[in-house]
Amino acid sequence: MAENYLRTLAEPVPGWIEDFREGEPFPRNAFFGSRVVYYPGAGDDGSAVRLFNSTHSCHCFVYVDYAVGQAKVEGSIGDPVRRFRGYDPVVRLHLPEEALTPRGWRPRVLPAEPPRMIFGRAQSFGLLVIFERQPGFVDSHGARRFAVIFLAADGFAAYEALFCRPPRSAPPFAVVIQDHGFGGNYDRFGRGGHLERIARELSAYPRFLWSAEESWEGYSRVPGAGAAMGGMHGNARFLYSRD
């Protein structure tokens with residue numbers, strides 16, 4: 001099982017998450033210096049948090065989707081039924097563009113169709129939320145705290161801006177990949193798509209892919225790590241590691 005494998009990579013909750021309080025500035029270097037799971041085209045799929053948080057293998061997540069607006073995200077966070085089960089939001093911090101790209105950003109790896117920018121559209125927004133485990137839930141359910149950045153943004157452009165530009169961050173610990181035929185994206189996140197091209201040309205490969213599709217070149221399925229279900233259709237996803 002993918003869960004059993006990821007439990008072998010468990011780590012403590014980063015100290016900055018444990019100590020972070022409402023009203024403090026966004027700790028960009030601390031966030032992107034931690035293990036990060038990046039999920040482009042995430043919608044409202046909580047499976048990435050469910051898998052990586054329950055195994056304590058990652059405590060920072062970036063959920064990116066142009067189609068999920070600020071009102072929907074904030075409504076979900078405030079809804080005890082729809083938010084991550086067993087967790088309450090204890091910190092919410094709105095992120096302006098300069099908090100995420102303090103030195104500005106221009107894309108270097110261009111797709112055939114001109115890329116959308118991270119910000120610049122009326123519905124674009126960034127929001128950091130710290131979630132804390134509710135009383136009655138224990139470590140086997142998930143970490144005491146974890147952090148999620150929600151972005152209404154282009155999943156391709158955001159990857160380059162966040163992980164491939166100065167102040168350069170480490171590549172993500174994992175990227176969640178699932179392409180949907182009617183998802184509205186101008187290219188694929190999976191094999192042969194523009195996200196793989198960005199990672200290749202800018203040497204920003206994640207350690208793992210969690211994918212329902214054919215993996216990127218140079219990745220192999222983790223031996224013994226079976227499927228974990230996720231995505232809007234509950235598809236089987238497999239864990240792939242960089243060769």
Side-chain angles (χ1 to χ4, degrees), residues 1-20 27-42 44-64 83-87 89-91 128-134 137-151 155 159 162-163 169-178 189 195 199 204-213 215-216 218-231 234-243:
M1 297 290 290
E3 292 88 345
N4 293 338
Y5 176 79
L6 288 171
R7 287 190 187 99
T8 69
L9 304 177
E11 64 170 12
V13 177
W16 73 266
I17 298 180
E18 290 280 17
D19 299 336
F20 198 78
R28 186 190 190 281
N29 291 342
F31 185 99
F32 289 103
S34 307
R35 290 179 180 175
V36 176
V37 172
Y38 183 76
Y39 192 171
D44 57 1
D45 175 25
S47 63
V49 167
R50 184 168 63 247
L51 175 64
F52 291 93
N53 177 57
S54 68
T55 57
H56 297 257
S57 56
C58 194
H59 304 91
C60 295
F61 302 83
V62 178
Y63 269 48
V64 184
R83 68 176 176 238
F84 300 115
R85 188 176 71 89
Y87 285 89
V90 293
V91 176
L128 170 70
V129 183
I130 306 292
F131 291 90
E132 187 169 290
R133 197 174 64 208
Q134 297 170 348
F137 289 85
V138 297
D139 275 355
S140 59
H141 179 73
R144 195 183 81 85
R145 278 187 163 197
F146 64 88
V148 184
I149 290 177
F150 298 95
L151 286 180
Y159 188 91
L162 298 177
F163 300 105
S169 308
F173 177 70
V175 172
V176 182
I177 293 177
Q178 184 160 294
F189 298 121
L195 192 62
Y205 286 105
R207 181 173 175 181
F208 296 103
L209 301 175
W210 187 38
S211 178
E213 318 291 332
S215 73
W216 294 356
Y219 284 79
S220 299
R221 190 180 296 183
V222 174
M229 311 308 287
N235 293 331
R237 289 178 175 153
F238 293 91
L239 199 63
Y240 297 85
S241 63
R242 179 91 174 132
D243 294 341

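Any value given below was found using the heavy atoms of this structure, including those in side chains, with hydrogens, waters and symmetry copies removed.
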- Gap separating the CZ atom of R242 from the CZ atom of R207, nearest 0.5 angstrom: 13.5 Å

- Query: Where the side chain of R145 meets the backbone of V13, is there a donor-acceptor pair that is under 3.5 Å apart?
  - Reply: no

- Is it the case that W16 and S34 place a side-chain donor and acceptor less than 3.5 Å from each other? yes

- Measure from the side-chain N and O atoms of R133 to the backbone N and O of H141, and report whether any donor-acceptor pair falls under 3.5 Å. no

- Item | Option among Y5, Y240, Y219 that satisfies the side-chain contact (heavy atoms from CB on, under 4.5 Å) test with F208 | Y5

- Looking only at heavy atoms, which two atoms of A48 and Y39 are closest? And how far apart? CB-CD1, 3.9 Å

- Query: Under 6.0 Å between ring centres, would you say that holds for F52 and F146?
  - Reply: no

- Heavy atoms of L195 and G155 approach each other most closely as CD1-O, 4.2 Å

- Item | Spacing of CD belonging to E18 relative to CD belonging to E132, to within rounding of 0.5 Å | 8.0 Å

- Gap between atom CG of L9 and atom SG of C58 - 0.5 Å precision: 10.5 Å

- Query: Got L162 and V36 here, is their nearest side-chain heavy-atom distance under 4.5 Å?
  - Reply: no

- Message: With a 4.5 Å cut-off on side-chain heavy atoms, are V49 and F131 touching?
- Response: no

- Measuring from F32:CZ to Y38:OH, what's the distance to the nearest 0.5 Å? 9.5 Å

- Message: If you define the side chain from C-beta out and look only at heavy atoms, does anything of C60 sit under 4.5 Å from I17?
- Response: yes

- Task: Return the orientation label for the F163 and Y159 ring planes: parallel under 30°, perpendicular over 60°, tilted otherwise.
- Result: tilted

- Rounded to the nearest 0.5 angstrom, the CZ-CH2 distance for F189 and W216 is 10.0 Å

- Rounded to the nearest 0.5 angstrom, the CD-CG distance for E3 and L239 is 10.0 Å

- Does a side-chain heavy-atom distance below 4.5 Å link N53 with F61? yes

- Item | Student check: side-chain heavy atoms of H59 and E11 closer than 4.5 Å | yes

- Message: Taking the side chain as everything from C-beta on, heavy atoms only, tell me whether Q178 gets closer than 4.5 Å to D45.
- Response: no

- Message: Can you give me the closest heavy-atom contact between S57 and L6, atom names plus distance?
- Response: CB-O, 3.6 Å

- Check V64 against V62 and note the closest heavy-atom contact, atom names and distance. CG2-CG1, 3.6 Å

